[in-house]
Amino acid sequence: MTPYQSILTTIAKEIATTPITGKVASYIPELAKIPSSKFGMHLYCTNAGHYNIGHQNERFSIQSISKVFSFTLAMSLLGDELFTRIDIEPSGNPFNSLVQLEYENGIPRNPFINAGALLIADVLVSEFSNPKKELLDFIRKITSNDTIAINQQVFESEMAFNHRNAALLNLMKAFGNIRNDIDTVLDLYTFQCAIEMCCKELATAFMLYANGGKLLHNNEQIITETTTKRINAVMQTCGFYDEAGEFSFRVGLPGKSGVGGGIAAIHPGHYAVSVWSPPLNPKGNSELGMYALERLTSLTGLSVF
Ligand code: DON
C-alpha cells in the first residue's frame, strides 16, 4: 500500500524549509490577520481512510472554494439551461477581472471567476427562498457536520471593500444577465466566501466529487455522475484562473483555490485532498499549497494524467 502518512510527513518537512515569497491576502483586511506560517493538509482516500499533517483541524476562510458548492447547486437546479447565461471556458484572466466581461456582453467565461460565481449567486437567489440556508445545509450534509458556518468578521470586512464585485454585478445587470437586486446577490456571494472550514472538512466535502457524486459513508447519490464529471472538468480547466494551466501541469488534478490560502483537489475514484497555507502567489493561489500538492502527486504517482 502507498505509504500516505510518511509521504505527508516528507511534504511537511520540505515545506518547513521552503522560502515563502507569497503574500497573505490583504484586500480583505480581516484575512491579513492570519499568520503566514499556518500549514495543514488532509488526504481522504476512497479505500484507505484519512491522513493528515499540520494545522489541518483549524478552520479558515474558504473564499472561492465555495464557488464549487454554489455551482453544484445551480447545476442541480437548472441543468444545461444554466449555460445560456454562463460559459465554461478558461478565462486566462485574473479572478476579479472586468475586461473580458465587457467585450463578451456580460456572459461570464466560467463559474469560478468572480463574475461567474456572482451570476451563480443570482441563480440561487432566484431559485431558493433562503439561499444562504440551502447552501450551508448542502455543505453540512456532504460533510455530516452541522457546525460549519460563516466568520462574521470576514463577511463584514469583505462587504466594506466589495467595490469590484459590485462593479461586476452592475456590468452584468446592464447587459440583462442579472435578474435580482444587486445588493441581495452581493450579500449571498460574500456570505458564501466567508464560510469557514478546516482541511479535514474540505477533503470530506470534496470526496463527493472524487466518488462520482455519492457520499462515501453511505453511498447516497447527491448529484448525478454526469453533473459530477462536468464539475470536475470545470475545476480542471478553470479552478485556478489564469494559473489553471500551471496547476494542471505541475499537480495534475481538478481542484479549486481560495484567497484564504486553501486548495481542495480530487483524484476521481482515488482521493480528495485539501491543503491550507495563507501566503498567495501573484495569481492569488496558495504558493505552498500548490507545492504540497505537486509533491503529493509526484511522490504517490497518483494524478489524473
Ligand atoms: O470575491 C473575492 O474577491 C473573494 N471573496 C474570493 C476570491 C478568491 O478566493 C479568489 N481565489 N483564489
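Whatever order the structure lists ligands and atoms in, that order sets their numbers, starting from 1. In this text the structure is predicted, and so the values were computed from the model without any measurement.
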Ignoring hydrogens and angles, state whether a donor on the side chain of Asn180 or Asp122 is under 3.5 Å from an acceptor on the partner side chain.
yes
Please tell me whether Phe206 and Phe69 form a close aromatic pair, meaning their ring centres lie under 6.0 Å apart.
yes
Mode of Val259 contact toward ligand 1 - side chain, backbone, both, neither (heavy atoms, under 4.0 Å):
both
Show the numbers, then the answer: is there a side-chain hydrogen bond (donor to acceptor under 3.5 Å, both in side chains) between Tyr209 and Thr72?
CA-CA 10 Å; Tyr209 307 99; Thr72 302; 2.7 Å; yes
For ligand 1, which atoms have a heavy atom of Asn165 less than 4.0 angstrom away?
1 (O), 2 (C)
Do other residues, nucleotides or ligands put more than 12 heavy atoms under 6.0 Å from Phe249 CZ?
no
Does only the side chain of Asn96 get under 4.0 Å from ligand 1, or the backbone, or both, or neither? Count heavy atoms.
neither
Would a line drawn from the ring center of Phe112 to the ring center of Phe71 be shorter than 6.0 Å?
yes
Going by distance alone, is a donor N or O of one side chain under 3.5 Å from an acceptor N or O of the other, for Arg59 and Thr147?
yes
Heavy-atom nearest neighbour in the protein, as seen from atom 7 (C) of ligand 1, with distance rounded to 0.1 Å:
Ser64 OG, 3.0 Å
Under 3.5 Å, N or O to N or O, is Phe95 touching ligand 1 that way?
no
protein heavy-atom neighbour closest to atom 3 (O) of ligand 1 works out as Tyr27 OH, 2.6 Å
Would you say Lys67 has any N or O atom under 3.5 Å from an N or O of ligand 1, going by distance alone?
no
Side chain to side chain contact (heavy atoms under 4.5 Å, CB included) with Ser61: of Ile195, Leu31, Ile150, Ile34, only one passes, and it is Leu31
Can you name the one residue among Thr143, Asn145, Asn57 that meets side-chain hydrogen bond (donor to acceptor under 3.5 Å, both in side chains) with Glu201?
Asn145
What protein heavy atom is closest to atom 4 (C) of ligand 1, reported as residue, atom name and distance in Å?
Gln63 OE1, 3.1 Å
Which protein non-hydrogen atom lies closest to atom 11 (N) of ligand 1, naming both residue and atom, and how far is it?
Tyr241 OH, 3.0 Å
Identity and separation of the nearest protein heavy atom to atom 1 (O) of ligand 1
Tyr189 OH, 2.6 Å
Which residue and non-hydrogen atom of the protein lie closest to atom 12 (N) of ligand 1, and at what distance in Å?
Gly284 O, 3.1 Å
Among Leu208, Ile223, Asp137, find the one that has a side chain to side chain contact (heavy atoms under 4.5 Å, CB included) with Ile142.
Leu208
Identify, by atom number and element, the atoms of ligand 1 in contact range of Asn114, meaning under 4.0 Å from any of its heavy atoms.
1 (O), 2 (C), 3 (O)
A student checking ligand 1 against Cys193 at a 4.0 Å heavy-atom cut-off should list atoms 5 (N)
Distance to 0.1 Å, residue and atom name: give those for the protein heavy atom nearest to atom 2 (C) of ligand 1.
Glu158 OE2, 3.1 Å
